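Inspection log for the structure reproduced underneath, given as structure tokens.
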Amino acid sequence: MRTPFIAGNWKMHKNLVEARELVAALRESSAGVAGVDVLLCPPAYLLFPLAKAVAGTDLMLGAQNVHEAPQGAFTGEHSVAMVADTGATYVIIGHSERRHVFGETNDQLNKKVRAVIAGGLQVIYCVGETLPQREAGKTQAVVDEQIDAVLAADVDAAKLTVAYEPVWAIGTGKTASPEQAQEVHAGIRTRLTGIYGAQAANAVRIQYGGSVKPGNAAALLAEPDIDGALVGGACLVAGDFAAIISAAAETVPAA
Ligand code: PEP
């Protein structure tokens with residue numbers, strides 16, 4: 001049984017006051033929720049103050065990106081060690097905005113994933129096809145290529161979560177149907193099995209991301225290979241994010 005994993009990608013939203021309010025609301029709403037891992041990925045400058053805000057709770061913190069080098073003349077960037085210093089434990093790597101807006105390549109993402117794991121943190125590695133790629137029937141080939149170029153047997157599967165995020169569903173209000181998402185998730189697990197073997201691949205959590213909302217979360221999370229969600233817009237509203245966490249909690253069998 002894989003523990004459901006709900007992560008919120010705040011992107012470039014929330015100032016300090018708003019961030020503290022959101023965390024306070026989530027502390028309250030998630031207090032009674034058990035059996036779900038919950039991660040908040042705010043803008044990097046908020047990681048230090050929010051480490052205090054989540055202290056004493058099970059809420060975890062992560063960064064949205066990191067530079068692959070340990071230090072150096074990289075204006076505007078931050079290293080894995082800097083993220084770790086804040087108390088954050090995860091880094092999102094390969095988000096479609098990093099790939100498509102900032103031009104990050106599979107080669108660079110490979111270095112980033114390795115740097116994060118070498119630095120003792122965990123990775124959420126994002127993959128997903130564009131609309132033209134889906135319409136050309138290339139979804140699984142694109143996702144497989146993104147996996148093969150970045151993951152390998154010596155990239156610790158125990159430190160890895162994969163997020164399937166069809167680019168056409170991110171921030172658009174268009175969600176992959178549960179069946180469409182499950183098909184790709186199963187394909188991802190097959191690819192991971194080829195790299196890591198069945199036991200390790202079965203333990204890797206695969207999140208779905210792309211316009212996950214309170215109204216569609218339960219149906220997506222009911223699919224056998226959808227182990228959680230990477231949530232953008234809906235994670236900025238405490239009640240919506242809490243409802244998605246509750247939908248994940250509903251999938252946990254009673255003890
Ligand atoms: C995301 O940014 O990873 C995302 C899935 O965004 P949204 O939920 O807004 O589509």
Side-chain angles (χ1 to χ4, degrees), residues 4-14 18-19 22 26 36-44 46-47 59-66 83 88 90-104 109 112-113 116 122-131 133-134 139 142-143 146-147 150 160-178 180-182 184-185 188 205-221 223 225-248:
F5 185 15
I6 305 296
N9 173 13
W10 295 17
K11 309 193 186 189
M12 201 170 71
H13 294 289
K14 303 287 180 192
E18 293 164 342
L22 178 53
L26 291 173
V36 181
D37 288 344
V38 180
L39 174 71
L40 313 178
C41 298
L46 290 172
L47 287 171
L59 296 169
M60 300 181 287
L61 291 176
Q64 300 170 14
N65 175 43
V66 81
V83 172
Y90 275 84
V91 184
I92 299 172
I93 297 291
H95 189 277
S96 80
E97 286 149 21
R98 299 299 316 175
R99 291 179 189 266
H100 298 289
V101 181
F102 297 99
E104 292 189 359
L109 299 175
K112 290 188 181 208
V113 165
V116 170
Q122 310 231 29
V123 172
I124 296 178
Y125 176 56
C126 302
V127 297
E129 82 287 3
T130 62
L131 190 57
Q133 289 167 335
R134 172 163 282 269
T139 297
V142 168
V143 167
Q146 290 167 335
I147 289 175
V150 172
L160 177 71
T161 296
V162 176
Y164 168 56
E165 297 208 305
V167 179
W168 50 270
I170 297 178
T172 60
K174 290 183 194 154
T175 320
S177 68
Q180 281 175 319
Q182 167 57 27
V184 182
H185 281 230
I188 291 171
R205 292 182 291 188
I206 307 176
Q207 297 173 321
Y208 169 78
S211 299
V212 176
K213 307 283 177 210
N216 59 25
L220 287 159
L221 293 167
E223 294 292 338
D225 286 293
I226 301 184
D227 307 313
L230 180 52
V231 183
C235 82
L236 299 172
V237 179
D240 287 355
F241 196 52
I244 294 168
I245 295 167
S246 295

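Because the structure is predicted, anything quoted here is derived from the model rather than measured. Whatever order the structure lists them in is the order used to number ligands and atoms, beginning at 1.
Taking both residues in full, the closest heavy atoms of T161 and R205 are given as CG2-O, 3.3 Å, listed atom of the first, atom of the second, then distance. Across E223 and P178, no two heavy atoms sit closer than the pair OE2-CB, 3.4 Å. Across all their heavy atoms, V167 and S96 have their closest contact at CG2-CB, 3.9 Å. In terms of heavy atoms, K14 sits closest to L236 at NZ-O, 3.1 Å.
Here the side chains of L109 and Q146 are not in contact, with every heavy-atom distance at 4.5 Å or above.
With V184 as the fixed residue, the side-chain contact (heavy atoms from CB on, under 4.5 Å) test singles out one of V143, V127, V142: V143.
Protein residues with any heavy atom under 4.0 Å from ligand 1: N9, K11, H95, E165, A169, I170, G171, G209, G210, S211, L230, V231, G232, G233.
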